[in-house]
Protein chains: 2
Amino acid sequence: MTKSHSTPTFRPLYEQIKILITQSLVAGEWHPGEAIPSELELANRFKVSQGTVRKAIDELAAENILIRRQGKGTFVATHTEEHTQYHFLRMVEINGKKEEPLNEVLFCKRIKADSDIADRLELKRGSPVVLLRRLLKLSGEPVILDDIWLSATLFKGLSETMISEFDGTLYSLYETRYGTRIIRAEERIQAIAADAPTGELLNLAAGTPLLDIHRIAYTYGDKPVELRTSKCNTRHHCYLNELG
Amino acid sequence: MTKSHSTPTFRPLYEQIKILITQSLVAGEWHPGEAIPSELELANRFKVSQGTVRKAIDELAAENILIRRQGKGTFVATHTEEHTQYHFLRMVEINGKKEEPLNEVLFCKRIKADSDIADRLELKRGSPVVLLRRLLKLSGEPVILDDIWLSATLFKGLSETMISEFDGTLYSLYETRYGTRIIRAEERIQAIAADAPTGELLNLAAGTPLLDIHRIAYTYGDKPVELRTSKCNTRHHCYLNELG
DNA sequence: GAGTGGTCTAGACCACACC
DNA sequence: GTGTGGTCTAGACCACTCC
């Protein structure tokens with residue numbers, strides 16, 4: 001590790017360390033849920049002080065990419081654990097309580113990406129994609145209807161039975177079965193009226209106002225890997241958001 | 001500053017410094033937009049090392065309470081500046097562009113808090129509150145209808161003309177006129193159908209689906225100071241949210 | 001040049017988990 | 001006890017801003 005201090009394009013050392021650590025994550029050197037080497041080991045490997053490694057890890061922890069546990073080590077974040085598993089689920093009961101969702105897959109089929117889907121997933125037009133439709137039930141009531149698009153190349157062999165038999169969230173499946181960890185997402189929300197088929201699936205009259213959420217989810221390096229539209233019944237639930 | 005290391009209730013020094021700095025902010029020792037003393041000065045004042053002050057300020061900066069500017073100093077964050085002024089406005093054009101909103105106050109009157117409003121604002125039932133209704137126009141079109149509740153004691157003398165004559169956002173007015181800085185907020189979003197009067201104000205047919213957003217906004221120390229419901233037309237705009 | 005925040009280091013010691 | 005992350009310190013030097 002060479003310091004680039006006082007060069008024209010100044011990059012702090014700890015940012016370079018961040019990049020190196022991220023590269024190891026992308027390369028799969030450490031898998032979700034596993035411990036990465038201790039700060040001292042990484043400091044030796046990269047030939048920097050512990051404090052510099054520390055700052056790099058601090059930032060990755062702030063981005064929910066790593067998780068620090070005092071006395072135990074630093075771990076690759078995962079959607080599998082209790083605490084983080086519904087990190088991306090914003091729909092809660094109106095009183096604010098998070099409910100364990102029940103997942104029902106309606107279908108899972110292969111299609112060709114139209115230009116819009118291809119653009120957003122950064123694929124070539126006509127590339128094979130998986131289109132997955134599912135219903136999420138909260139407190140026994142169908143609340144969220146999801147349509148999900150994924151690259152069929154990246155998620156080879158994804159099927160209805162595979163999802164149904166998997167114990168955990170979809171993002172947990174992505175990372176355990178395909179090594180793709182979702183680290184952030186962007187959502188655009190609008191209000192729409194339920195059309196007849198959507199109303200039927202959500203057990204609502206056609207015309208009922210729904211939240212229509214368009215999500216793009218990204219893995220390491222801001223690579224988009226999942227497209228999703230969610231239609232949400234807000235009769236007994238709401239989208240909860242913290243602004244800081 | 002005494003170290004509480006090795007006491008049964010362990011609190012890191014930098015957290016104590018954070019609290020002291022926050023107290024000075026609440027007390028109005030430094031006003032929004034002003035510089036606070038340098039790290040070295042604060043270190044001397046609190047009898048700790050610069051590094052400890054640094055960590056405290058780092059966290060306050062991460063919470064958007066302070067703003068660091070290399071070579072210039074550390075400043076109290078404000079809603080007045082270009083960069084931060086629409087920090088809490090999530091409605092954007094569908095393509096993602098933030099539009100400068102145009103503010104039209106419909107009324108501003110004194111009422112008594114019912115038990116619900118009083119609870120949420122942590123006031124006594126029947127306390128005087130200001131109810132403010134306004135319309136926000138984005139790209140010339142009425143998009144957001146806000147009803148806003150504030151303690152009339154805290155925001156004494158708030159009036160329609162005062163708001164109309166003020167050059168800046170509402171949160172900027174709160175902090176420059178009343179010394180109350182909003183630091184975070186919580187929003188709950190549902191989809192509803194426009195009723196007739198709302199439809200008229202937003203220039204829509206009754207029954208059109210709208211976003212219905214309930215916001216509670218907090219100042220230092222998690223004290224709720226503003227209640228707000230927004231009805232949003234999502235014909236050409238959407239609520240944009242980053243999940244991390 | 002002086003003053004500010006930003007980076008990096010080295011070392012001491014504390015808190016926590018596991019054995 | 002050993003090893004891990006967490007805190008605190010002191011000091012050197014860099015980058016940026018303003019004079």
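Here is how names work: the chains are called A, B, and so on, in the same order as the sequence lines, proteins then strands, and each is numbered from 1.
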Could I get the full list of ring pair (Phe, Tyr, Trp, His ring centres under 6.0 Å) partners for Tyr220(B), not counting sequence neighbours? none
Less than 4.0 angstrom between a side-chain N/O of Thr74(B) and OP1 or OP2 of dG5(C), yes or no? yes
Can you tell me how far C1' of dT7(C) sits from NZ of Lys18(A), to the nearest Å? 15 Å
Quick one: list whatever passes side-chain contact (heavy atoms from CB on, under 4.5 Å) with His79(A), sequence neighbours left out. Phe88(A), Thr169(A), Tyr171(A), Ser172(A), Glu175(A), Arg181(A), Ile182(A)
Which pairs would a plain distance check flag for residues 20-28 of chain B, meaning a side-chain donor or acceptor within less than 3.5 Å of a matching protein atom at least two apart in sequence or in another chain?
| residue | atom | partner | partner atom | Å |
| --- | --- | --- | --- | --- |
| Thr22(B) | OG1 | Lys18(B) | O | 2.8 |
| Ser24(B) | OG | Leu20(B) | O | 3.4 |
| Ser24(B) | OG | Glu29(B) | OE1 | 3.0 |

Any pair counted as salt bridge (charged side-chain N to carboxylate O under 4.0 Å, His left out), so long as it reaches residues 88-97 of chain A, sequence neighbours left out: none
Leu42(B) has an atom CG; how far is it from atom C1' of dG3(C), in whole Å? 15 Å
Expressed as a whole number of angstroms, how long is the span from Phe75(B):CZ to dG5(C):P? 9 Å
Grab the CZ-P distance between Arg11(B) and dA15(C) for me, whole Å please. 15 Å
What is the distance from OH of Tyr14(A) to P of dA15(D), rounded to the nearest Å? 14 Å
Pairing residues for Glu34(B) by the salt bridge (charged side-chain N to carboxylate O under 4.0 Å, His left out) criterion, not counting sequence neighbours: none
Listed nucleotide nearest any side-chain atom of Ser38(A), set dC8(C), dT9(D), dT4(D): dT4(D)
Mind listing the residues from residues 51-65 of chain B sitting with a heavy atom below 4.0 Å of DNA chain D? Number order is fine. Thr52(B), Lys55(B)
With Glu99(A), which residues qualify under salt bridge (charged side-chain N to carboxylate O under 4.0 Å, His left out), at least two apart? none
Whole-Å distance between dT7(C) P and Gln50(A) CD? 18 Å
Between protein and nucleic acid, restricted to nucleotides 17-19 of chain C and to nitrogen or oxygen atoms under 3.5 Å apart, what atom pairs and distances do you find?
| residue | atom | partner | partner atom | Å |
| --- | --- | --- | --- | --- |
| dC18(C) | OP1 | Lys72(A) | NZ | 3.4 |

In whole Å, I'd like the distance from the CD atom of Glu41(A) to the P atom of dT2(D). 18 Å
Taking 4.0 angstrom as the limit, do Lys223(B) and Glu122(B) come out as a salt bridge? no
Using whole Å, what does the distance between atom P of nucleotide dG6(C) and atom CZ of Phe10(A) come to? 11 Å
Which residues pass the salt bridge (charged side-chain N to carboxylate O under 4.0 Å, His left out) test with Glu186(A), not counting sequence neighbours? Arg188(A)
Taking CZ in Arg184(B) as the centre, count heavy atoms belonging to other residues, nucleotides or ligands within less than 6.0 Å. Is the count above 12? yes
